[in-house]
Amino acid sequence: MEKIDILKRTDIFYDLSSSQLEMMASICDERSVKLGEIVFEENSSGDEMFVIARGSVEVLVDPTIVGGPEAKKRGSGSVTIATLRSGQSFGEVALVDQGLRTASARCADTETHLLVIPRAKFNKLCDTYPELGYRVMRNVAADLAFKIRGSDLAIREQLLWRPRPNG
């Protein structure tokens, strides 16, 4: 697997030069996960982001976390909100802050191969090469803004289409 080719296909590395892609590839670790294996859990701490080299990953949220006692009684469990495929990234928020994961990620294919970018290595690279850091973080911000807009639309749709009680 050629890390540089995978990074080239990933939106958050758009507009990086060949040498910048080589630098990013040099800090990537590799991880294979099998069908159903959890990459990370919602509400866990995280210090790495992931790029899907091959396979697919489901992003899941547990509505009972914010639903209070009624949601816990219903016991709906985790819900898949997205399925990501080769060339897509997830866990980017871990590069931005040290907060908790906002969702879980689970392998959705027989075998999925991931590139793993640790925050500490990424920050060191950005400190050494600020232009690279600026480009990647600009792209991360654009990616997160796109995801936030999609979530906002989904929330609005749920609010508008929710059955209303009679009366």
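Residues: numbered from 1 along the sequence shown. Note that these values count all heavy atoms, side chains included, but never hydrogens, waters or copies made by symmetry.
Considering CG of L7 and CD of Q20, their distance stands at 12.0 Å, rounded to 0.5 Å. In this structure, CD in E30 is found 7.5 Å from CD1 in I6, a value given to the nearest 0.5 Å. Here CG of L16 is found 11.0 Å from OG1 of T10. Values are rounded to the nearest 0.5 Å. Summarising the geometry, atom OG belonging to S18 is positioned 5.5 Å from atom NZ belonging to K8; distances are rounded to the nearest 0.5 Å. A distance of 8.5 Å separates OG of S86 from CD of Q88, quoted to the nearest 0.5 Å. Taking NZ of K124 as the reference point, atom SG of C126 lies at 13.0 Å (rounded to 0.5 Å).
Using modelled atom types, one side-chain atom of R119 and one backbone atom of D97 make a donor-acceptor pair closer than 3.5 Å. Counting only distance, with no hydrogens or angles, the side chain of D143 and the backbone of N139 share no donor-acceptor pair below 3.5 Å. Proximity of a side-chain donor or acceptor of T80 to a complementary backbone N or O of E58 within less than 3.5 Å is not detected. At least one donor-acceptor pair closer than 3.5 Å links the side chain of K3 to the backbone N or O of C28.
Using a 4.5 Å cut-off between side-chain heavy atoms of Ile, Leu, Val, Met, Phe, Trp and Tyr, with links allowed through other members, L21 and Y14 fall into different hydrophobic clusters. Linking Ile, Leu, Val, Met, Phe, Trp and Tyr residues whenever their side-chain heavy atoms come within less than 4.5 Å places I81 and V57 in a single cluster. Hydrophobic clustering (side-chain heavy atoms under 4.5 Å, transitive across Ile, Leu, Val, Met, Phe, Trp, Tyr) groups V96 together with V136. L100 and L144 fall into different hydrophobic clusters, where Ile, Leu, Val, Met, Phe, Trp and Tyr are joined by side-chain heavy atoms under 4.5 Å apart, directly or via other members. Placement of L60 and F90 in two distinct hydrophobic clusters is found when ILVMFWY residues are connected by side-chain heavy-atom separations under 4.5 Å, directly or transitively.
Between L125 and L132, the closest side-chain pair of non-hydrogen atoms falls below 4.5 Å. Between S104 and V61, the closest side-chain pair of non-hydrogen atoms is not below 4.5 Å.
Residue S89 comes nearest to L84 through the heavy atom pair O-CD1, 3.8 Å, listed as atom of the first residue, atom of the second, then distance. Taking both residues in full, the closest heavy atoms of I117 and M24 are given as CD1-CE, 3.9 Å, listed atom of the first, atom of the second, then distance. Listed here is the closest heavy atom pair of L35 and C107: N-SG, 3.6 Å.
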Between R138 and D15, does the salt bridge (charged side-chain N to carboxylate O under 4.0 Å, His left out) criterion hold? Intermediate values first, please. CA-CA 10 Å; R138 178 194 63 203; D15 202 26; 3.3 Å; yes

Please report the C-alpha distance between S32 and E111 in whole Å, then the side-chain angles of each, then the deciding distance to 0.1 Å, and finally whether the side chain to side chain contact (heavy atoms under 4.5 Å, CB included) criterion is met. CA-CA 7 Å; S32 289; E111 185 167 329; 3.7 Å; yes

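For E92 and K147, the salt-bridge test passes: some basic side-chain N is under 4.0 Å from an acidic carboxylate O. Classification of R9 and D5 as a salt-bridged pair fails, no side-chain N sitting under 4.0 Å from a carboxylate O.
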Side-chain donor-acceptor pairs under 3.5 Å in residues 38-52, sequence neighbours left out?
| residue | atom | partner | partner atom | Å |
| --- | --- | --- | --- | --- |
| E42 | OE1 | D62 | N | 2.8 |
| S44 | OG | E41 | O | 2.5 |
| E48 | OE2 | R31 | NH2 | 3.1 |

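Atom CG of D29 has more than 12 neighbouring heavy atoms from other residues, nucleotides or ligands inside a 6.0 Å radius.
With sequence neighbours excluded, the residues satisfying side-chain hydrogen bond (donor to acceptor under 3.5 Å, both in side chains) with S19 are S17.
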